[in-house]
There are 4 protein chains.
Amino acid sequence: MTPLNEQQLQKIRDERKEQIMEAALKVFARRGLIGTKMSMIATEANISAGLLYRYFKSKNELFISLVQQAVQESIAGIMEVYKLPGSPIEKIKTLTDEILQEDGQLYFMLMHQARTSDEVPDEVNQLIDKNSMKTYIDILEPLFKEGQEVGELAAGDPRELISCYLSVLSGLMTLDMHRDENYQMPSVSMLLRILRC
Amino acid sequence: MTPLNEQQLQKIRDERKEQIMEAALKVFARRGLIGTKMSMIATEANISAGLLYRYFKSKNELFISLVQQAVQESIAGIMEVYKLPGSPIEKIKTLTDEILQEDGQLYFMLMHQARTSDEVPDEVNQLIDKNSMKTYIDILEPLFKEGQEVGELAAGDPRELISCYLSVLSGLMTLDMHRDENYQMPSVSMLLRILRC
Amino acid sequence: MTPLNEQQLQKIRDERKEQIMEAALKVFARRGLIGTKMSMIATEANISAGLLYRYFKSKNELFISLVQQAVQESIAGIMEVYKLPGSPIEKIKTLTDEILQEDGQLYFMLMHQARTSDEVPDEVNQLIDKNSMKTYIDILEPLFKEGQEVGELAAGDPRELISCYLSVLSGLMTLDMHRDENYQMPSVSMLLRILRC
Amino acid sequence: MTPLNEQQLQKIRDERKEQIMEAALKVFARRGLIGTKMSMIATEANISAGLLYRYFKSKNELFISLVQQAVQESIAGIMEVYKLPGSPIEKIKTLTDEILQEDGQLYFMLMHQARTSDEVPDEVNQLIDKNSMKTYIDILEPLFKEGQEVGELAAGDPRELISCYLSVLSGLMTLDMHRDENYQMPSVSMLLRILRC
DNA sequence: GATGAATGAGAGTTCATTCAT
DNA sequence: CATGAATGAACTCTCATTCAT
């Protein structure tokens, strides 16, 4: 009835797209690529299944978009560490805290799903392979070196230390503890012991 | 009458069943219930898809059998800790070592899949809910208390300490590091720092 | 929002469902539960096999629905006898006529299939056991008694007379004579001789 | 161990074949071609499924053999009527009696299955088409004509009378009344009324 | 733009048939 | 001859994707 102008339409489209990606993230993160039905995403996003296809060519494409976003967000999130106040160990503490918040976890769980599923499109594998751990280590290396110099962190190869620490965090996040009462998320201070001398 | 006697037949059947369960464990652990096609298991076991159904009524039943076995094996494995030599922390070190070996990891990954998938048959949920973390804690509590008394372990609620430690181990195992070079498995001594004062 | 309003959609769904049940009746009646492939029903109904499953959860459920309908329709059909004009024997004549029409036959053939197949779901057995012959006899007993009193029907236990007569009709209907030229459907007056003194 | 001579082997083979056909008749008659699994026949015959294939090339071939036998036996059975004592109607009474015995019914049920199934091999259709009703009518025509002449049977086209009567009997036999308590087999004298003036 | 009916490719499962023993 | 383990074609059912409205 009311003809919308181009600008309004674009706004609707952007909102819809965002809405779909949010819904898809929730579902994909928990159920993986194969375990997720397009109808689940549609339900979660409160739209029809058909509409998904106006915004994403296929389930695979939607998954890829999410992984891209996850990679970018996680990198951006880690880079924030340098804007944080305090000594190296305090920065790492805050970073750890934020990573373990529920929202960040969804991205990690998604990346875990992406890594684990074999049916994943090649693009995803490339994204993950080229971007994940090595990039994080590159970003964090200066911070950890500084921490070692000031004696807050255990000695040894800093890259290995980072890699191990992030592996522990990744593992914890894939456990989906908010759903599962069997597991207990360790406190940040407990986790930091891994890094201490 | 019978060309093969009952004993020979039983041997074939036992071998086949074992062969199938081994193959299925590998595939299910990595890809989950839905992500696994029966044809993948058949290929991995070097048999035809049809033969699977002479040994297991359905994909679900096969999955359930494996989870049962995983639950039993993991409990049995943890109980072995008391037969190990050395002080509490030395026992825990050896236990950790063994858990992180590849074979044990498959069982943990399977249980992770079982816990995470929503489409899993009810029997599996019951098995997991009733058996997993709480049982492990019950088994390990005396050992950890002793460790605290002799000053090898950090103070605090021992049950919580165990739960957190096992959560870290579980998380690491789900990462499937043998496949994935992005992650690095921390050394046991690094992990033990979590438990140290 | 919705391009087709709820009423139009409902109409489509009702039509489809009716169309499927009609097609399924034809095929099941002739070939039985196991002998019928869903693809046959789909072809007969001019739709795709997949669409069947939006209307019926499974082949079994579709079969059950049809048997329910058959039971209801056959009972309703027989009750109509009391609305017919004429003496008892004339009523029975008309009833016989109608039962032997092709459409009614499909329902009887279906019920025969349901009774004969061993693989039939339990619900079907219950439906058939509780509803078929005894109910018909209960309905027709007063009519047959009256017929005997006015001397139009042979003497003897009226319930047995009804049961035998309906058995003959049922048997004839299962023969699927419209397809099979080997058999010849007896005329109604010939069949009525069974009931005559 | 004990080498059997050719004659003994042949005897075993013949017995086995007979044993299989008997078992197969029971199962096919009740469940039809598609509804019958080779394993059911094997179980009923107390042999292994594999052994069936030493005696019959395929399920279809076994079915065809049975239908051939059924056709022959039913024709032979009907021809016996002329050896019976008594007037035409008395002969027909005895024939009817024998047809309705359980054993004869299996053959009729089998032929009904053969006629009804569409998946039946062409050979079966030819057998049935060329042999069944028309042949029976040819055999019985003289007897019925005689019955009409002596005034025991209703007037009219004798061939039609025979066809209708046999249709009624066929129908009754397909109902499998020995299994199904819903139906009641009419007495022979009741059935004969169809033929009476 | 939005819906949901409709399609069809592909996975789970069954069973006739083969074959090593 | 006899068995039953093994295979693979065919069927049921699911779900990503398309399309009429």
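Only heavy atoms go into these numbers, but all of them, side chains included; no hydrogens, no water, no symmetry mates. Below, chains carry the letters A, B, ... as their sequence lines are ordered, and counting in each starts from 1.
- Taking atom CD1 of A:Ile41 as the reference point, atom C1' of F:dC15 lies 12 Å away to the nearest angstrom.
- Residue C:Gln7 qualifies as open at atom CD: its count of foreign heavy atoms under 6.0 Å is 12 or below.
- Residue-level contact check: B:Tyr55 touches the backbone only, with heavy atoms under 4.0 Å from sugar-phosphate atoms and none from bases.
- Regarding D:Glu15, its CD atom lies at a distance of 14 Å from the P atom of F:dC1, rounded to whole Å.
- One interatomic measurement links the two molecules: CZ of C:Phe63 to P of F:dC13, which rounds to 14 Å at whole-angstrom precision.
- Counting only heavy atoms from C-beta on, C:Met38 has its side chain closest to F:dT12 among E:dA5, E:dT17, F:dT12.
- As judged by a 4.0 angstrom heavy-atom cut-off over every strand, C:Ile47 is placed among residues touching the sugar-phosphate backbone only.
- Distance from the side chain of D:Leu51 is smallest for F:dT3 among the nucleotides F:dT3, F:dA6, F:dC13.
- The nearest pair of heavy atoms linking B:Ala114 to B:Asn125 is O-OD1, 4.4 Å.
- Separating the CD atom of B:Gln8 from the P atom of F:dG4 is a distance of 13 Å, rounded to the nearest angstrom.
- Here B:Arg13 reaches the OP1 or OP2 of F:dA5: one of its side-chain N or O atoms lies under 4.0 Å away.
- Nucleotide F:dA10 is matched to E:dT13 when pairs are restricted to Watson-Crick or G-U wobble geometry with both distances under 3.5 angstrom.
- Under 4.0 angstrom from either OP1 or OP2 of E:dT7 there lies no side-chain N or O belonging to C:Arg54.
- Ion pairing of D:Lys11 with D:Glu15 is present here, as a side-chain N (NZ or NE/NH1/NH2) and a carboxylate O approach within less than 4.0 Å.
- For the pair B:Lys17 and B:Phe56, the cation-pi criterion (under 6.0 Å, within 45° of the ring axis) is fulfilled.
- Atom-to-atom, CZ of B:Arg16 to C1' of F:dT7 comes out at 12 Å; the value is rounded to the nearest Å.
- Contact check, A:Tyr53 against F:dT17: a side-chain N or O comes under 4.0 Å of OP1 or OP2.
- Heavy-atom distances to DNA chain F give each of C:Thr36 and B:Ser48 a nearest nucleotide, and the one nearer the 5′ end belongs to B:Ser48.
- Comparing atom distances between the C:Ile12 side chain and each of E:dT13, E:dA6, F:dT12 picks out E:dA6 as nearest.
- To the nearest angstrom, P of E:dA16 lies 16 Å from CD of D:Glu61.
- Pairing for F:dT21 is with E:dA2, a Watson-Crick or G-U wobble pair whose two hydrogen-bonding atom distances lie under 3.5 Å.
- The distance between atom CG of D:Leu62 and atom C1' of E:dT17, rounded to the nearest whole Å, is 14 Å.
- E:dA5 atom P lies 15 Å from atom CG of C:Leu52, rounded to whole Å.
- Looking at which nucleotide of DNA chain E each of C:Gly50 and B:Lys59 is closest to, the 5′-most match is held by C:Gly50.
- Remark: A:Arg13 does not engage A:Glu18 in a salt bridge, criterion side-chain N to carboxylate O under 4.0 Å.
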